Amino acid sequence: MLNIHDLEARHTKYRIKQLMPYIMLFISVITIFILTYFLINFSSNANKESIAEAEQNISQLPVAKNSANTPITTKEENNISTQSSYEMPSEEMKEALAEEINRQITQREESKISLTPSLGFMKNMQSKNTKLYDNESLLLKQQIVDISAPIDEEVAFEETHSIQEQEVEQKTVAKPTVELKKIAPTPVEENKGSISIAKKNDTNDIQDVIKRFKVNNSPALGLFIAKRYYQIGEYEKAYEYALLTNNINNGIDESWLIFSKSLVKLGKKDAAIETLKKYIENSGSKQAKQLLDEISSGKFQ
Amino acid sequence: MSSSIYENSRDVFLDTVNAKDYIQLDRVSFIYQSLTESIAKPLKMILLYGKPGTGKSMFLTKLHESLSASQKIYLYKTPILDESEFFKTLAQDLYGMKYDDELNFTQFMKVVENKELTEAITPLILLDEAQLYSTSLMEKIRLLSDTRKIKFLIALHKTEKEDLIAKEHFQTRIWESIRLDNASATELRLYIQKKLMKANCIDTAAMFSPKIINLIHELTDGNYRDTNKLLFTLFDIYVHYEQNNPLKIDKKEISKKIVEMAAMHTGLIDA
């Protein structure tokens with residue numbers, strides 16, 4: 001006996017069962033399309049961001065070059081001796097800078113954007129050179145600059161942006177020193193005001209390095225940031241980044257020094273002494289001993 | 001009250017073995033021709049085999065009907081499994097000898113050997129469903145065929161498990177084997193349409209599109225018995241719809257849905 005209702009119900013189920021693979025296929029295709037769409041969008045956004053970042057970094061480079069070049073030109077043309085009493089970049093800093101340069105090069109290669117050279121730095125150079133030429137008579141009057149006179153810390157920092165530039169700098173700085181010794185055996189009062197240096201935006205620069213530090217956790221970058229903060233007087237941040245760097249690599253002298261110095265600056269002299277003592281016990285670092293002595297004796301405050 | 005075209009069409013596919021329902025198809029005709037030629041040859045045994053529902057019984061029925069006028073031919077549709085009964089039936093049919101008591105193989109063999117052939121053509125015994133006969137009885141049938149006074153046409157299922165052709169009693173005898181296969185889609189279309197047209201159901205015969213024929217072939221694998229079952233149920237559903245919900249049926253073409261419903265009902269679709 002035929003039960004048509006039952007047969008119809010069974011047939012409906014059967015048809016759904018038959019169609020199920022096609023439905024699943026359709027859903028899969030739609031899902032793949034949606035995912036692909038989002039992925040493409042995401043990657044294009046990421047590309048845009050990296051291009052923007054690359055552009056930002058590149059736009060910063062000529063400024064650094066400019067500020068680094070300016071004093072060289074001045075020195076060469078005026079035969080002015082300036083002792084490079086700024087701190088020489090440490091190995092870690094060099095590494096950090098080398099990484100930065102490599103990263104920027106890679107980014108530029110990857111992003112495959114055609115860059116047109118910015119002539120802004122030329123204008124800057126021209127304007128600064130003009131200023132310097134204007135001050136030429138003044139400089140000539142002074143003739144000699146105290147070799148031991150320290151260069152503003154900003155100069156040192158700006159010059160550390162490029163290892164190659166730094167090498168050039170060292171060479172050019174070294175030469176005039178010899179010449180000047182012959183010309184001017186007796187030192188005269190320094191004149192810092194004669195050197196005009198363009199100061200770039202420190203905050204952006206540090207933020208950029210912090211970003212990279214968060215990505216790759218490089219102790220060199222951590223130390224760089226700590227030093228930078230220390231230089232600009234943000235001792236708490238300097239302390240934090242030195243601590244982070246120590247956590248990543250506890251064998252970096254400079255990092256411990258910055259850490260201790262920051263503690264002193266934050267009014268925690270005892271903690272700084274305690275830290276240094278422990279570090280000296282483990283490492284026997286001479287620099288740490290020296291700093292400990294200075295802190296203990298009150299020379300370093 | 002006159003029956004509807006669907007009821008008539010349904011009754012066409014009642015699964016009965018009747019020589020009148022025999023459908024002349026090219027391949028079937030060729031096999032039938034081969035079979036009649038084999039019967040005319042001095043062969044002792046002829047084997048007709050194939051899967052269930054391929055038309056073996058129909059062939060035997062048709063053959064019996066066709067040849068009964070010209071020669072002694074006996075069709076045993078149901079196997080006679082008791083040996084004495086089997087020999088007594090043969091004695092009765094072939095020689096008109098009636099035995100009330102037991103008739104064993106030796107006694108019957110003597111009867112056969114003593115009987116002279118009265119006709120030029122050897123009497124033919126058609127045994128359907130021969131796979132049900134015991135090996136012992138099959139051996140005795142072989143020995144009877146060796147006398148050349150009785151010819152046997154044996155129809156059996158060829159199962160995958162049992163390769164009957166390899167059996168000794170078939171290997172060592174002069175015999176001819178004819179295999180029956182399922183119908184192709186084209187043959188199935190001809191089979192359905194001829195069967196319907198033979199019953200004067202021309203309208204329903206025209207309702208079978210090639211697509212539907214292919215679907216039926218796919219479901220039944222061209223098996224005649226399964227096709228009969230499916231189409232019987234198919235037209236039964238049509239009858240139901242015609243009586244209860246006529247709007248649900250398309251009178252121009254057989255509905256795929258109803259074919260599938262019929263297949264579910266007959267077990268051809270497991271759903």
Side-chain angles (χ1 to χ4, degrees), chain A residues 1-54 103 106-114 211-212 214-217, chain B residues 3-15 204 207 211-212 214-221 226-251 253-271:
Chain A
M1 180 68 187
L2 277 174
N3 184 344
I4 295 293
H5 293 296
D6 176 56
L7 266 181
E8 282 176 340
R10 280 167 65 195
H11 183 263
T12 309
K13 281 183 189 172
Y14 170 75
R15 289 305 300 166
I16 292 167
K17 203 174 162 184
Q18 289 285 99
L19 288 171
M20 195 54 79
Y22 299 103
I23 293 166
M24 293 303 290
L25 186 71
F26 178 74
I27 291 168
S28 305
V29 168
I30 293 293
T31 314
I32 289 165
F33 268 112
I34 291 167
L35 284 175
T36 314
Y37 175 78
F38 278 113
L39 278 175
I40 289 168
N41 269 3
F42 177 76
S43 60
S44 65
N45 283 342
N47 278 342
K48 278 177 190 172
E49 279 175 16
S50 62
I51 289 164
E53 196 182 340
R103 197 186 66 81
T106 316
Q107 260 187 355
R108 268 182 274 177
E109 283 173 357
E110 281 174 359
S111 58
K112 292 180 181 175
I113 51 166
S114 59
K211 268 186 196 173
R212 293 206 309 283
K214 282 177 182 172
V215 172
N216 59 21
N217 264 342
Chain B
S3 55
S4 72
I5 54 161
Y6 299 118
E7 280 177 283
N8 289 338
S9 304
R10 180 191 63 190
D11 295 341
V12 166
F13 293 100
L14 269 171
D15 193 27
T204 48
M207 285 170 71
K211 203 175 168 182
I212 290 297
N214 285 338
L215 176 63
I216 293 168
H217 185 261
E218 196 180 302
L219 291 166
T220 62
D221 197 25
D226 285 343
T227 304
N228 287 344
K229 272 167 64 184
L230 179 72
L231 294 183
F232 180 87
T233 313
L234 174 86
F235 284 115
D236 206 15
I237 295 170
Y238 266 94
V239 170
H240 181 276
Y241 277 135
E242 189 184 36
Q243 288 168 358
N244 300 297
N245 201 346
L247 292 174
K248 276 198 171 181
I249 51 174
D250 178 4
K251 291 182 178 178
E253 193 178 355
I254 294 289
S255 156
K256 184 186 173 186
K257 181 188 169 183
I258 297 175
V259 173
E260 286 174 343
M261 283 166 67
M264 280 176 195
H265 186 71
T266 50
L268 292 169
I269 287 178
D270 183 23

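This structure is a prediction, so every number in the text was calculated from the model and none was measured. We name chains A, B, ... by the order of the sequence lines, and we start the count at 1 in each one.
Residues B:M264 and A:H11 come closest through the heavy atom pair CE-CA, 3.3 Å. In terms of heavy atoms, B:M261 sits closest to A:I4 at CE-O, 4.2 Å.
With a 4.5 angstrom heavy-atom cutoff, B:H240 touches chain A only via side-chain atoms.
More than 12 heavy atoms of other residues, nucleotides or ligands sit less than 6.0 Å from atom CD of A:Q18. Around CG of B:D270, the count of heavy atoms belonging to other residues, nucleotides or ligands within 6.0 Å does not exceed 12.
For the salt bridge (Lys or Arg N to Asp or Glu O under 4.0 Å) criterion with B:E260, the lone passing option out of A:K17, A:R10, A:R15 is A:R15.
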